[in-house]
Structure formats: C-alpha cells, structure tokens
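Below is one structure; the comments refer to it alone.
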Amino acid sequence: MSANNPLLATHNLSKLYGGVVAVDKLTLAVPRGSVTGIIGPNGAGKSTLIGLLSGALLPSGGTISFGGRDVTGLATSERARLGIGRTYQIPRPFLDMTVEENLAVAQWACRARVRGASARGRRAELLRECGLSDVATQPATQLPLLRRKRLEVARALALEPQLLLLDEVGSGLIDAEITELIALIRRIGSWGVTIVIVEHVLRIVRECCSQLLVLNFGRQLAAGTPVEILASEEVATVYLGTAHSQGATAQAPNAQGAARLANVAANPDALANAVSAREPLTVLVAHRPVPGAPAVAGAPLLQLTKVSASYGQVRALRDVDLEVHSGEVLALLGANGAGKTTLALVISGSLPAHGRVAIDGIVVSRTRPGGIAALGIAHCMEGRRIFTDLTVEQNLRVAARRAARPEVAARLDAVYTLFPVLAGRRGDPGAAMSGGQQQMLAIGRALMARPRLVIFDEISLGLAPIIIDRLYETLALLKQAGLAMLIVEQDVNRALAIADRACVLEHGALAFTGAARAVREDARLRRLYLGEAD
Amino acid sequence: MARQLKARSAGFAALILALALLGVAPAVLREYDTQILLRMLLALVLAESWNLLAGYGGLVSLGTSSAVGLGGYVLVGLLNHSILPLPVVILAAALSGAVLAALASPGLLRLRGLYFTVGTLALAEALRLVMINVNQFGGATGLFLNRDPPALGALVWIAVGLLLVTLLVMEFCAHSGVSLLLRAVRDDQDVAAQMGVRPFRVKLAAFAAASALMAAAGGLQALKLGAIEPYGMFGLRWSIDTLAMVVIGGLGTRAGPVIGVVLVMLSGELLADYPEAHLALTGLLMMLAMRFAPRGVAGLLAVLPARWRARTTGA
C-alpha cells in the first residue's frame, strides 16, 4: 500500500462548535483502495469528520488533501465532482423524485462522466447491486427507513466516486442484512473505490476494513488493524464497554452485555451508582390508570385483537393479537419490514388501523395520539424524533404539559438524575446533542409524561455499544420501578435479556409468542434473524 | 420512446395551432375582449415564469413586480431616448430582468426559504421607492411613451410570441435533466451539492430566466398602457396575483399556470361589477388549494379520475 501517496489525508484538522471541540487536530491518511473504519463513542466527532471531509462543514483549522490536491477551501459540489461521495446517517433522499431519478441527479450534474443510454444502464446496475430494482420507479417517499439507507449508498455510487464515505449504513440491520451489506461493501471496494466507514456494527468493521481508527473527544485514540484495535484494552474501556474487553467475536458483546444486564436485573446492588437513581423513578412511573379514566377491572393494560394496518395498497399488519400487562416487559422482534414499527405506531394512535385496541379494557381504536398519551402510554419513536430547535429542557417539558408545576420540577430532577449528562446541557438546543444524548433525551421525554407503558422503538439504533449498555441498564431500573414496556429492538439478545415475554412478527403477522427464555431457544428465531435454512 | 416522441410532437402541433388562433383572434374579437386576451397572455407569461421559480426551483418569490416594473421602465426609457427598433427594445427589457437577477443573486440566493421570499419583497419595494424618488425616472408621476404604441392586434402577436418563448423555456426546464437539477436543489440543497450539483448556478439560471421573461412581460404591459408610473408598474399586485394564479392552478405542475390564469381571470370577468367579491373568492380558492390541494386544480385533475375508478371498482 502506498502510504506515501494516500488518496485522502488530513493535517491537524479541527472543528469547533462554539466552545465545544468536535474534531481536535486530527491527522490521518487513507491509502488508495483501502477500506478505513472509524469507530468511537457517540459524540466522538465521527459524523463531524465525515461532514468535514465531504465539504458540508467548514473546518476551524487544518487542511484536507484529496488525490494530492488541497481541497480544504473547496465547496461541497466541487469535491463531489472530484469524486468524493457520501451517505447520510439519517437518509435524505430527494423525496419528490422516483428512486431512479435520485440516482440520475448525480449523473446529470456530472454529465461528463456518464451519459445517455449507458447512464440508464448504470442506474439499473447500481439499483440491482443495492437491492432496489423492484422500486426503481416508485417515489422515494414510499421507501421505509432501511431501504432509504440503501438508496443513500446507490445514490452516492451514481456519482462514480473515487472515495466513498459511508456514515452508519449498517445500523438497524439484522444479521442476514448485514451479511448482504458486507458483500456489497466488498464489491464496491473491488471496483477500486476507496471507502471510509463510520460504523457501530462491529461485524462490518471487522470483516470489511483494512485499517481502523478510533476517535474519542475528536482525537485519535488508536489506529491499526481491526484485530489489534478490537483487542485493545483502552478501546474497550471507552467504546466497547468493559464486558467486551476479552471478546472479539460477533456475538460476544451482545451476549456478554446481556449477561451483565441480567445480572443487574437480578441483583440491583451490583450497580452502585444505579441505586441512587432508583429512588426518583417513582416520580416517572405510574402504576395505576389515570384517575377518572374508565377501566374494566382485571383487563390487561394493553390488548390488541385482530389488528390490521396498511400503507396504501401494502398490508403492513395482519390480524395481530397481543397483550401487555401492568409492569410487564414485552419484546417485539422480527426482521426489518416485519411490521414492528407499524405496530408501535398503531398502539400510540399515530396510524389508523382495523381491529380492536383496548387500554384497561376500553376500546381506544379511534382515539387520537394525544388521548392515548393521556391514558399513560408513551411512545419513544424510532429515530429519536426530538425537537431540534428546542432546548433539552424544553424538549422534556413538552411531554409534561398537563402536570402541575412542582410535579414537573420533580420529574425534571428525576430525569436529570437518571441521565446526568442531560442536566449539564439543559440549555443547549436538541440539534447540538450527540446521538447517544439525543436518545437519552428521547427516553427522558417519554418518561416526563409519567407513563405506565412506554413503547421503546429501536433505542439502540446507531449508538456505541457502551452507550447501549447504559441505556439498557436504565431500562432495567425502570422495569424494577414497575414500568410496563414494549421493546422493539434489532439486538435480540439485549431485548430478550430484559423482557418477560417476547413476540415475533413475520411479514406483518404474529409468527410466535412466548416467555423470553423459550423464544430465545426457538429455532424459528434463529432462522428469521440469521437467514439460516430450515 | 417513439410513441412518446410522437405524442410530444402532436402536443407541439396543437400548441402552435392554439397560439396561431390566439394571434388571429384580434381580427375577430371585439376590442374589449382583445384587451382581456392580451391581459391573459401577459398573466400567463408571468405565471409560467413564476412557476419555474417557485414550483420547480423552490424559490418562492414576491418580487415579480420588480422585474415587471424594471422591464416597463427600460422599455419606455429606450423607446423615448433611442432610435432602437421595438424588437431590440423588448429584448433589452428582458435582458434588464436577467441583469437584475444576477446583481441581486449574491445576496438573495444565499437566503433560504422564507428569507428568500422576504428578500425579494424587500427588493421590489426598494425599487419602487427608488423610482418614486428619483426625478430622472419620472418620480411619482411616471413616464409617457413618446412613440406611437403598436396597434392592439400587433401587441397580441408580440405577446403570443413571448408566450411561445416562455413555453419553450418551460418545456426545456420541465422535461430534461435540468428539471432534475432544479428539483434536487429545491428538495434538499445540501444533498444536491453532495451529488455534484452546483446549487448557486442552478438557482441563478432559473432566477435569471424567469426574471427575463417577467421583465419582457412588464415591457409589453408598459407598451400597452402608453404611460407608466411606479405605483402601478412596481405594485405588489403583480407579485400577489401571479402567486395566487399558480397556487390555485397547481404549483410545480405543467398545466397549473394555464388553469390558474383562466380560472382567476374568468371569475374576475364574471364578477366584474363586484371586484371585492372577486378578491375574496380568489383568497378563498387559494386557502382551499393550500389546505386540500397542494398541487392545485391540476393536481386534483391528475388524482381524481384514479380515485373515482378505485371507488367504483371497490364498491
């Protein structure tokens, strides 16, 4: 590898947001044809780095060179024309266009490279590579989140880049899909494209990358081959979580994290600092129905009977039955597109559905989301969905509008005790928070309504393993405090470690349901998630 | 592909025929109706250009009046103080619109969304105040045209020509890769840049083209009036009327401007004795369009037949 002549190099690259240093004098070199992985905790500056490299952000200091040329002052569009393509962590397709047109934009903008009939052929080829052939003529608005992520990759490739910056394309995928993604990244690499991957899914990093860089607080913490880095003690402490230090296989962090969690759940005193956090939880968790709301004695907290939902012509849910009892934790599992998020939306009243949805035995099928929330059901939505223009504290207050002032103050205190990092940033806008902090804020916001049941939809999406550990420790505490939860999660082991029961969705229908332990052993689950043959 | 081409050329033939008919119309119509026809033609040029800006480029402008007014003043000024022939003067008026856009672009095009809208409004008001206060431009009383204006029939012919140019520009912008670039910049400028699109250039091109067409229309308006004054030529009415017509007809659709112009002007004629009622009706239609038909009447026409079919087969 020609280390003397890297395709991309930075020298003392820095980025400051106000007083916060996001990237601090970073010097790195990406050799031509290599696949470089960048990992690090949330808020380490990874997305900022991608922004700096692609030109979306202006550096506060330092230089960037690409192909031997200084591109520090070059506009985004000009860097793209030189051959730097990128994807966005949260997909940003051109929603008003079809999938194929999304690809054609780059081809048209850089007509010199591909044109005419060969451009159309190339689009078809890229869509096939990324598994989007069947939706080529569909409007991009109709794609669900994970297919939008594929579209991000296809669209960046339509630029025919020399350097491809992939920002967390693997988050939210199940194992079988990750296997496909790894194959795709390798194929792209084999076309001669140099790749930089920012990723939390360690399997992708391990199997694709030739070199690995660990960022922490905007600085390079370590660099080397994936094997070296993933075995390093230092990296384990800041990023992987202590439980991971000796494990380097794909399942290890999950399994061990889960074991640790089970330990916390069984023996709460094991987590010394968590004990102090348990006290205020009663302020955030309600046990009884809202006074004055009608209820049928003995009825489950939440009951769904023959619930179906569809998006236009597409049936997303078919005759789903499920129950959540007071204080119970139910894991909702299934492959992407199985209907988990749809089900969450139906329960919180955000999506109209057929069938019967009852809370405390009272049918709420036609109740609006505000009414459902008032009954003590909170929804921590996929993708965090915090109000980016509001401050942290305003975000939290929004969810507790109905409560009396001293009550709100008590709940705020409780949330800040639960997530001390939020207390320090209460005056900062939501947009300024890192991914992990945003997720904590989203959870805190859900709790501010003092709910009886919270739907947690993919709270681990795009987060560092150590942060996920922390979030699930919090969930374990909430479970102890008696909060009922419906957990939608790709990380099966984590979800099953905390759940009492689990149900598995397949193609919008309930495939099977049972005690968490039984479901974990079920061969059908392995087949669904790992794509193994029967 | 061949069928598409055939449909396209058939469409063109129909268009040419329609424009020719419009051109012949003054010979048949009464003077009053011909006046209405001319107003419609100019309104259509403005609506088409505004649709290019706002519908395709996402640049919602309240500065239509600045281009219209400038075009009018440039035309009258050149006709009064030079011996240039009329076609050249009209071209110069159009050019002035493009130059105005280019000069304003370093400031205006860096503003996004609502800020751009407010910026264009500020520009239009500033131009109007300049015209009122600078005596060389006639001040508040305005300017009179020294030369004899062309006959009404000839004006209609020129307007039909201008409309043809406008439609060709729109055809080019709506049916080629140019439309992709425009829509990409409109939908998400940052992502577009990441795809190698140069947002500033794309917006400038749309802004300059639309302003040139608007200024030419303003020139024709001045030619028709024979006398101009700043309150009328730079009046907010141009900006608001144009916006209303396109929003009602269908923002970002090809048929929208035509439908909007015909609907609004026709209702205006029917309610000629009650101008307030026409204003209220236009406002109401606009609100209804924004609430229930974001793509206006054109959008409804595209969607409704399918819905009806679905209902009849479903029942």
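Values below: all heavy atoms of this structure, side chains included; hydrogens, waters and symmetry mates excluded. Below, chain A is the first sequence line, B the second, and so on; all start at residue 1. Computed from a predicted structure; not experimentally measured.
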**Complete:** From the list A/R92, A/E78, A/R86, the residue making the most non-hydrogen contacts under 4.5 Å with chain B is A/R92
**Request:** Kindly indicate whether the side chain of B/V197, heavy atoms from C-beta on, has any atom under 4.5 Å from the side chain of A/V105.
**Result:** yes
**Fill in**
When every non-hydrogen atom of B/A193 is compared with those of A/A80, the smallest separation belongs to O-CB, 3.7 Å
**Message:** Does A/I90, at its CD1 atom, have more than 12 non-hydrogen atoms belonging to other residues, nucleotides or ligands within less than 6.0 Å?
**Reply:** no
**Toward chain B, the part of A/R155 with a non-hydrogen atom under 4.5 Å** = both
**Message:** Give me the atom names and distance for the closest heavy-atom approach of A/Y88 to B/V191.
**Reply:** CE1-CG2, 3.7 Å
**Message:** Testing the basics here: between B/M195 and A/L159, what is the closest heavy-atom pair and its distance to 0.1 Å?
**Reply:** O-CD1, 3.3 Å
**Prompt:** Are the charged groups of B/R295 and A/D96 less than 4.0 angstrom apart, N to O?
**Reply:** yes
**Taking every non-hydrogen atom, the tightest pair across A/C110 and B/G196** = SG-CA, 4.3 Å
**Request:** Please check if atom NE2 in A/H354 has more than 12 non-hydrogen atoms from other residues, nucleotides or ligands closer than 6.0 Å.
**Result:** no
**Fill in**
Output for pair (A/S77 OG, B/Q194 CD), nearest 0.5 Å, gives 9.5 Å
**Request:** Locate the shortest heavy-atom distance separating A/W108 from B/L181; write the atom from each residue and the value.
**Result:** CB-CD2, 4.2 Å
